[in-house]
Structures are given as C-alpha cells and as structure tokens.
Novice: 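Before we start, here is the structure in question, set down as structure tokens.
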Amino acid sequence: MSSTGPASFAPTQQSGMSRLVTVNEAPGTSEAVRLCAELESGNILYFPRTPFSFPEGDLQFLLASKQTGGSYHKNIAYRPAEHRITGLDKSAGADADRLRAIMREYSRRADQFLGELLPPYARRWKLDFASYRPLEERGRPARLRARNDLPHVDAFPTRPTRGDRILRLFTNINPRQNRVWITTQTFDVLGPRFAQAIGLPRAKSTNSVARAARSLAQMLGLPGAHRSPYDDFMHRCHNAMKEDAEFQESCAKQRWEFPPNSTWIVLTDFVSHAVLEGQYALEQTFIVSHEAMVQPEKSPLAILEGLAGHALTS
Ligand code: SIN
Ligand code: FE
C-alpha cells in the first residue's frame with residue numbers, strides 16, 4: 001500500500017483537470033453552494049474519514065463475504081426503491097438478507113449525509129442504485145466497454161437521465177488498501193473533442209413513425225424508452241472514450257489514492273475517471289435534477305446544446 005494521500009497529487013489546477021477539495025468538518029450552509037460549484041467544476045469532494053457511521057459488525061460481514069459462483073465477476077447492486085439486490089451468487093443463501101439490510105442502511109446514511117451536506121441538491125435527486133464492489137480491480141477481466149480501468153464519463157443506457165446529473169458517493173471500506181483512481185480532462189474539454197469524433201447529437205426526429213415508435217416503447221415500459229438525444233450522445237461518448245486507444249494512451253492524467261475509511265463524491269458524467277486498484281468499496285448514485293445545478297451553464301447538457309445549437313432533451 002502506498003502511504004501517499006490523495007492531496008499530494010493535486011499541486012495546481014490546470015484548466016480542465018480535477019482538483020481535490022478536502023472536507024474535514026461539517027461545513028456551514030453558506031459553504032454548500034461553494035461545494036456544489038466545486039463538484040460542477042469537476043472537482044472531487046474528499047473526506048479523509050467517512051463522515052457517517054458504519055457498524056463494525058456490518059463492515060466485518062462485508063469484508064468476509066466471498067462470491068464463488070458464476071456471478072463472481074460482477075459488482076453487487078442494490079435498488080433502494082425496491083429494496084432488492086442483484087448480481088449476488090445463488091449460493092449466498094441467507095447471507096443475501098443480511099447483505100440487503102446492510103446496503104439499505106448504507107444507502108440511507110449516504111442519502112441523509114448528502115442531504116445535509118448539499119442542501120441545494122437535497123430532495124431534488126432520485127436515489128439511484130447503490131453498489132458493493134468486493135472484487136480486486138487490478139486486472140479484473142471485463143468486456144472493453146465494461147472496463148472501469150479505462151477513463152470514461154458515466155452514462156447508463158437503461159437509466160437515461162435526460163440531462164440530469166450523475167453524482168456518486170464512494171466509500172473505501174478496505175482496512176488496508178487504498179482505492180486508486182485516475183482522472184483525465186473534464187467534459188468541458190472532452191465533450192467538444194468527442195463531439196468532433198463521433199458527431200454532434202442530433203435533435204429528436206419529429207417524423208410520425210419515429211414518434212409512434214417512441215410512444216409504444218414508453219407505453220411498454222422498455223428500458224431506455226425515455227432516452228433523449230443527450231443520453232444517446234453520452235452513451236456513445238462513454239464507449240468512444242474507452243475504444244480510443246490514442247486517447248487512453250496520451251490523455252493528461254491525474255492519479256488519486258483514496259485510503260481506507262475515506263469517502264469521496266464526484267459528478268462522474270463530467271469527470272472522466274477510472275479505477276486501477278482496490279477492493280471492497282461501497283457506492284451510492286444520485287441522479288440530481290439539472291434544475292438544481294448552481295452553475296447550470298457548466299453541465300454536459302449545456303455544453304452539448306451550445307455546440308449543437310438546439311435542445312437535446314425535449
Ligand atoms: C467507475 O465508476 O468507473 C468505477 C469506480 C470505482 O469502482 O471505484
Ligand atoms: Fe464510471
């Protein structure tokens with residue numbers, strides 16, 4: 001394990017690069033707008049100590065749980081709205097109930113903590129999935145587009161956001177090992193670059209056949225039926241970044257090491273990121289309304305609409 005903490009990797013801020021904003025104490029309400037602005041500028045809010053409690057027994061249970069069957073290479077997802085877990089081995093048996101209860105508690109605490117930290121966003125988000133990541137990330141096999149060790153911006157093909165933001169809170173629960181990330185330039189730089197490579201998003205087709213197909217997909221509740229041109233672009237951009245060997249090789253990179261028991265928060269649709277090493281992390285995703293942004297002009301949606309010259313979500 002490296003003993004170097006994350007702060008030492010952020011000497012000065014270059015344009016389009018992320019900076020670490022360390023939060024040691026609960027900030028006052030007037031600080032909240034600044035913290036939102038830091039996130040929206042592509043910076044990482046970093047808590048050297050996880051700012052909410054976590055029962056020791058639950059931690060030990062998580063660290064001891066091993067996936068052995070066919071689902072081994074998957075992270076475990078928790079869906080708070082349904083109180084349901086996916087990606088777990090069938091062999092987990094009774095452990096599944098305990099794991100589900102632990103994930104509910106993590107999700108609840110993360111939600112409550114973020115609500116207190118960032119009042120401008122609070123109650124203007126949808127609590128999305130949480131996840132438990134018990135696998136060693138170094139060398140973890142995955143399809144190219146599913147690899148998390150290649151820098152990318154996040155986009156969920158079956159959970160379109162229509163311009164709302166993907167905000168993620170991570171906690172390293174590994175007692176010994178850092179979680180190692182790299183970030184590259186942020187979306188204000190990469191959006192225009194990849195728009196040139198993959199083409200600007202087009203406005204939604206208004207022809208009657210396309211409209212009818214969309215309504216039918218929505219009526220049937222098909223996954224992704226509410227995808228907008230914005231979502232299509234972000235998903236293509238996610239893939240193009242991972243598939244672009246030249247970009248992966250030559251992009252400016254910053255390396256971050258998140259030590260045991262630290263927590264960090266990032267807008268991962270704006271900060272291009274990858275995980276290189278680490279095992280045992282928890283994560284909660286929030287889909288924050290675009291209308292809650294304190295600097296809406298900096299969002300990926302605003303950047304892309306500025307380039308395209310037309311709306312991308314209506
Ligand atoms: C990712 O969101 O790409 C992975 C981050 C992590 O698991 O630390
Ligand atoms: Fe990601």
Side-chain angles (χ1 to χ4, degrees), residues 1-2 6 9 18 20 39 42 44-47 50 62-63 67 72-78 86-87 103 106-107 110 128-161 164-174 177-187 190-191 194 231 234-244 247-248 251 253-288 300:
M1 172 186 122
S2 157
F9 290 100
S18 302
L20 205 75
L39 287 166
I44 301 172
L45 298 189
Y46 168 63
F47 300 80
T50 293
L62 289 178
L63 296 174
Q67 296 235 77
Y72 183 81
H73 291 294
K74 272 204 199 154
N75 289 317
I76 293 162
Y78 173 70
T86 57
M103 293 305 292
Y106 176 75
S107 182
D128 194 63
F129 299 173
S131 59
Y132 176 42
R133 300 165 178 238
L135 310 172
E136 172 55 57
E137 294 293 343
R138 187 208 289 257
R140 176 154 81 92
R143 285 177 298 110
L144 183 100
R145 288 180 175 183
R147 276 177 59 180
N148 278 346
D149 59 335
L150 300 173
H152 62 280
V153 287
D154 285 341
F156 307 137
T158 56
R159 287 163 13 250
T161 72
D164 291 341
R165 306 299 306 275
I166 301 178
L167 180 66
R168 304 185 105 173
L169 179 147
F170 292 87
T171 301
N172 182 8
I173 61 165
N174 192 312
Q177 194 185 353
N178 293 350
R179 197 163 187 89
V180 181
W181 271 31
I182 49 176
T183 57
T184 77
Q185 286 172 303
T186 42
F187 194 82
L190 296 181
F194 279 90
D231 297 294
M234 293 304 280
H235 187 227
R236 286 192 296 122
C237 185
H238 162 275
N239 293 342
M241 288 175 78
K242 289 185 175 176
E243 286 163 358
D244 185 337
F247 165 71
Q248 293 288 333
C251 62
K253 298 182 183 74
Q254 286 169 294
R255 179 183 165 99
W256 311 97
E257 301 217 8
F258 300 104
N261 192 28
S262 63
T263 282
W264 59 105
I265 305 173
V266 198
L267 280 164
T268 55
D269 53 8
F270 190 81
V271 174
S272 127
H273 58 283
V275 57
L276 301 187
E277 287 172 36
Q279 187 176 12
Y280 303 120
L282 288 165
E283 173 268 340
Q284 173 67 56
T285 299
F286 303 81
I287 304 299
V288 186

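Read the numbers this way: they start at 1 and go in the same order the structure lists the ligands and their atoms. This structure is a prediction, so every number in the text was calculated from the model and none was measured.
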Novice: Provide the number and element of each atom of ligand 1 under 4.0 Å from a heavy atom of F170.
Specialist: 5 (C), 6 (C), 8 (O)
Novice: Within less than 2.8 Å, report the number of protein N/O/S atoms around the Fe ion (ligand 2).
Specialist: 3
Novice: E243 and R145: which non-hydrogen atoms are nearest, and at how many Å?
Specialist: OE2-NE, 2.6 Å
Novice: Say whether, by atom type as modelled, one donor and one acceptor occur between the side chain of H273 and the main chain of H152 under 3.5 angstrom.
Specialist: yes
Novice: Show the nearest heavy-atom pair for residues P151 and M241, with the distance to one decimal.
Specialist: O-CB, 3.9 Å
Novice: Can any side-chain N or O of T171 pair as donor or acceptor with the backbone N or O of T263 at less than 3.5 Å?
Specialist: no
Novice: Can you list every salt bridge (charged side-chain N to carboxylate O under 4.0 Å, His left out) pair that touches residues 268-281, not counting sequence neighbours?
Specialist: R138-E277, R165-D269
Novice: Suppose we call two aromatic rings close when their centres sit under 6.0 Å apart. Are F194 and F247 close by that rule?
Specialist: yes
Novice: Identify the protein heavy atom lying closest to atom 2 (O) of ligand 1, giving its residue, its atom name and the separation to 0.1 Å.
Specialist: H273 NE2, 3.2 Å
Novice: Quick check: closest heavy atoms across Y78 and S107, and the distance to 0.1 Å?
Specialist: CE2-CB, 4.1 Å
Novice: May I ask you to list the atoms of ligand 1 that are less than 4.0 angstrom from any heavy atom of H152?
Specialist: 3 (O)
Novice: One residue to check: R168. Relative to ligand 1, which of side chain, backbone, both or neither has a non-hydrogen atom less than 4.0 Å away?
Specialist: side chain
Novice: Among all the protein's non-hydrogen atoms, which is closest to atom 7 (O) of ligand 1, and how far away is it?
Specialist: R133 NH1, 2.7 Å
Novice: Does NZ or CZ of R133 fall inside the cone over F170's six-membered ring, less than 6.0 Å from its centre and within 45° of the axis?
Specialist: no
Novice: With only distance considered, is R179 within less than 3.5 Å of ligand 1 through an N or O on each side?
Specialist: yes
Novice: Give a yes or no on whether the backbone of P134 and the side-chain of Q279 come within a donor-acceptor separation of less than 3.5 Å.
Specialist: yes
Novice: With only distance considered, is E137 within less than 3.5 Å of ligand 1 through an N or O on each side?
Specialist: no
